[in-house]
Amino acid sequence: MSDIPAGFEPARFSLDFLDQAGPHYLKKTDSGIIVGIRIRPEHVNYIQVAHGGVLTTLADVALSIQLHRSETPPLPVATISLTTNFLSGAKLGDWLEATARIDRKGKRTAYTNGEIRCGDTLVMTMSGVFALLR
């Protein structure tokens with residue numbers, strides 16, 4: 001799509017599922033990676049808002065990529081637990097941005113939290129626990 005905000009590049013994930021659930025876009029900032037997505041017709045449910053599965057996938061992507069890229073070489077991770085709080089809906093055409101923070105990272109496990117926004121509107125908060133596959 002040509003209506004992707006400046007600074008975002010296609011994520012180019014190598015997994016077909018994430019391509020189907022997206023496409024996702026990434027933007028590097030001083031505080032981490034922002035994951036963006038434009039809500040498309042295939043993302044909305046019967047009440048014409050983004051399906052919870054699309055938002056949950058975005059949450060998982062944002063939390064896990066923050067960990068994945070926190071080390072060099074990139075750190076393989078697997079989701080142990082993901083908690084989401086749906087606070088507002090996202091409509092067809094909305095641009096969503098997901099941000100994530102690493103709360104604590106040990107040798108085997110990491111704890112994260114984040115949020116998804118549509119402009120100034122808070123759409124979702126999330127937290128996750130991840131296995132670090134060193």
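- Taking the salt bridge (Lys or Arg N to Asp or Glu O under 4.0 Å) definition, one finds that E9 meets it with nothing, sequence neighbours left out.
- Cluster annotation: F17 and L58 are assigned to the same hydrophobic cluster (Ile/Leu/Val/Met/Phe/Trp/Tyr, side-chain heavy-atom contacts under 4.5 Å, transitive).
- Heavy atoms only, all atoms of each residue included: I39 and A50 are closest at CD1-CB, 3.8 Å.
- Using a distance-only test at 3.5 Å, with no hydrogens or angles considered, a donor-acceptor pair links the side chain of R38 to the main chain of D3.
- Under a 3.5 Å cut-off, the side chain of R40 and the backbone N or O of H43 do not form any donor-acceptor pair.
- Judged purely by atom type and a 3.5 angstrom limit, T112 uses its side chain to pair as donor or acceptor with the backbone of G128.
- The nearest pair of heavy atoms linking L96 to C118 is CD2-CB, 3.5 Å.
- Within a 6.0 Å radius of CZ in R104, no more than 12 heavy atoms belonging to other residues, nucleotides or ligands are found.
- Using a 4.5 Å cut-off on side-chain heavy atoms (C-beta onward), L55 and M126 make no contact.
- Between the side chain of S70 and the main chain of L67, a donor-acceptor pair closer than 3.5 Å is present.
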Atom pairs and distances, donor-acceptor, side-chain atoms in residues 72-94, under 3.5 Å, two or more places apart:
residue	atom	partner	partner atom	Å
T79	OG1	D60	OD1	2.7
N85	ND2	T125	OG1	3.0
D94	OD2	K91	N	2.7

*asked:* Between I65 and V35, is the side chain to side chain contact (heavy atoms under 4.5 Å, CB included) condition met? List the steps.
replied: CA-CA 9 Å; I65 200 159; V35 182; 3.9 Å; yes
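- The distance from atom OG of S127 to atom CD of E115, rounded to the nearest 0.5 Å, is 12.5 Å.
- With contacts defined as side-chain heavy-atom distances shorter than 4.5 Å, the pair L132/K105 qualifies.
- Listed by chain and number, the residues in a salt bridge (Lys or Arg N to Asp or Glu O under 4.0 Å) with R108 amount to none (sequence neighbours excluded).
- Two residues are said to be in side-chain contact when any heavy atoms from C-beta on lie closer than 4.5 Å; L122 and M124 fail this criterion.
- Here the closest heavy-atom approach between residue A100 and residue A62 is recorded as CB-O, 3.5 Å.
- Classified by interplanar angle (parallel below 30°, tilted 30° to 60°, perpendicular above 60°), the ring pair W95/Y25 is tilted.
- Here the options are I102, L63, T109, the test is side chain to side chain contact (heavy atoms under 4.5 Å, CB included), and the partner is F130; only L63 passes.
- Taking the side-chain contact (heavy atoms from CB on, under 4.5 Å) definition, one finds that H51 meets it with N45, V54, sequence neighbours left out.
- Partners of E97 according to the salt bridge (Lys or Arg N to Asp or Glu O under 4.0 Å) rule, which considers only residues two or more places apart in sequence or in another chain, do not exist here.
- Every side-chain contact (heavy atoms from CB on, under 4.5 Å) that R12 has, sequence neighbours left out, goes to P10.
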